[in-house]
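Below, read A as the first sequence line, B as the second, and so on, with proteins coming before strands; counting in each chain starts at 1.
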Amino acid sequence: MTECYIRVAEDENEEPMEIPSEEDGTVLLSTVAAQFPGACGLRYRSPVSQCMRGVRLVEGVLHAPEADWGNLVYVVNYPKDNKRKMDEMDAASAVKIKRGIQKTSDLIVLGLPWKTTEQDLKDYFGTFGEVIMVQVKRDAKSGNSKGFGFVRFTDYETQIKVMSQRHMIDGRWCDCKLPNSKYFLEQAGPDEPMRSRKVFVGRCTEDMTADELRQFFMQYGEVTDVFIPKPFRAFAFVTFADDQVAQSLCGEDLIIKGTSVHISNAEPKHNNIHHLFSNFPGRSPSLAAMFERSQYQFPSSHV
DNA sequence: GTTGAGCGTT
């Protein structure tokens, strides 16, 4: 497939605008958003079913529904459709709902034999349910396993099952637990006071560009800034137009280019941690200590 | 080329 123009409109009855595809026939969401600011996807009316159909979107790249885009008019999707419903509830309820869906998170796998590979993990954990990510942590220099890794499942039920038992992997008993990073802030409670529009993206890889991060996070809402520290420090900051979008992502593990990144609250720039937490009586003082500890791990003067 | 509680960079 070669470069072409596809017809896109705000509404089925509006006059369409032609926007260019890439050389491989895909269309970048950013190209759509350049003409339709805030767009988060495309849909079209299927000539067969007469129903509206969504266009496949993978990490900021829109894929033609058939061999090519054809002569159809594609209609722009906006996150506002969801936001209207979101407006009726506060961030606290949003968090509850998010938890109600029971999203999966990465699990740390402790006690792996030195010889165990990612393929071994995939084979083993695949017997419990669909696996979407496995990692064996290795010494960068020697390539030797550090004896632990991570796994992520599609279904929360699978995650629960896996966490509830010990695992015999290549001749050793291993444990699967929620990693410690999960205990930072996102477990503080449903009334999380931080309502920043900016999120901290941990565990970034060096090959992730600001543009790619923007492409990726656009699916959740309008992105107003992406900051990547130089030299490479394995994290980034992403700022959204809407704080509710930012907050809804906090605590999640998202997979970008096959790598699991961790989203958490961005810390205020000129932080006075104890002042921040003092506004919320009843909260454990240890929370500020945890906050400081994480800050020590990721020293940052940004925000 | 070793090891065995932990906590995720290339």
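Checked by distance alone, A/Asn180 brings no side-chain donor or acceptor within 3.5 Å of a matching partner on the base of B/dG8.
For the pair A/Asp175 and A/Arg166, the salt-bridge criterion is met [side-chain N within less than 4.0 Å of a carboxylate O]. Between A/Arg197 and A/Asp243 there is no salt bridge, since none of the side-chain N atoms of the basic residue sits less than 4.0 Å from a carboxylate O of the acidic one.
Contact annotation for A/Pro113: base contact, defined as any heavy-atom pair under 4.0 Å involving a base atom. Across all strands, A/Leu112 comes closer than 4.0 Å to base atoms (heavy-atom distances). Counting non-hydrogen atoms under 4.0 angstrom, A/Thr259 reaches nothing in the nucleic acid.
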Identify every side-chain donor-acceptor pair in residues 52-63 of chain A under 3.5 Å, counting partners at least two apart or on other chains, and give the distances.
{"unit_1": "A/Glu59", "atom_1": "OE1", "unit_2": "A/Lys257", "atom_2": "N", "d": "3.4"}
{"unit_1": "A/Glu59", "atom_1": "OE2", "unit_2": "A/Lys257", "atom_2": "N", "d": "3.0"}

Tabulate below the donor-acceptor pairs under 3.5 Å that side-chain atoms of residues 122-132 of chain A make, not counting sequence neighbours, or state none.
{"unit_1": "A/Asp123", "atom_1": "OD1", "unit_2": "A/Gln119", "atom_2": "NE2", "d": "3.0"}
{"unit_1": "A/Tyr124", "atom_1": "OH", "unit_2": "A/His167", "atom_2": "ND1", "d": "2.7"}
{"unit_1": "A/Thr127", "atom_1": "OG1", "unit_2": "A/Tyr124", "atom_2": "O", "d": "2.7"}
{"unit_1": "A/Glu130", "atom_1": "OE1", "unit_2": "A/Thr154", "atom_2": "OG1", "d": "3.4"}

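Residue ring and base: A/Phe232 does not count as stacked with B/dT9 (centre distance below 5.5 Å and interplanar angle below 30° not both satisfied). Remark: ring of A/Phe150 overlaps the six-membered base ring of B/dG8 in a stacked fashion, centroids less than 5.5 Å apart, planes less than 30° apart. In this structure, A/Phe148 forms no aromatic stack with the base of B/dA5, since the conditions of centre separation below 5.5 Å and plane angle below 30° are not both met.
For the contact set between residues 120-144 of chain A and DNA chain B, defined by any heavy atom under 4.0 Å, the members are A/Gln135, A/Lys137.
Across the interface with DNA chain B, nearest-nucleotide mapping of A/Leu110 and A/Ser145 shows A/Ser145 to be the residue nearer the 5′ end.
Closest to the side chain of A/Thr205, from the set B/dT9, B/dG4, B/dG8, is B/dT9. For A/Ala234, the listed nucleotide lying nearest its side chain is B/dT9; candidates were B/dT9, B/dT3, B/dG8. Listed nucleotides: B/dA5, B/dG6, B/dG8. Nearest to the side chain of A/Lys146: B/dG6. Of the listed nucleotides (B/dC7, B/dG6, B/dG8), B/dC7 has the atom at the smallest distance from the side chain of A/Ile108.
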- Task: Could you walk me through whether A/Ser260 and A/Arg152 pass side-chain hydrogen bond (donor to acceptor under 3.5 Å, both in side chains), step by step?
- Result: CA-CA 9 Å; A/Ser260 171; A/Arg152 174 84 168 269; 4.5 Å; no
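Atom CG of A/Asp170 is separated from atom C1' of B/dG4 by 16 Å (rounded to the nearest Å). Atom-to-atom, CH2 of A/Trp114 to C1' of B/dA5 comes out at 10 Å; the value is rounded to the nearest Å. Note: CE (A/Met163) to C1' (B/dC7) measures 16 Å, nearest angstrom.
Taking 4.5 Å as the limit, some side-chain heavy atom of A/Pro179 sits within range of a side-chain heavy atom of A/Phe150.
Under the 4.5 Å side-chain heavy-atom criterion for Ile, Leu, Val, Met, Phe, Trp and Tyr, A/Phe232 and A/Ile256 are members of distinct hydrophobic clusters.
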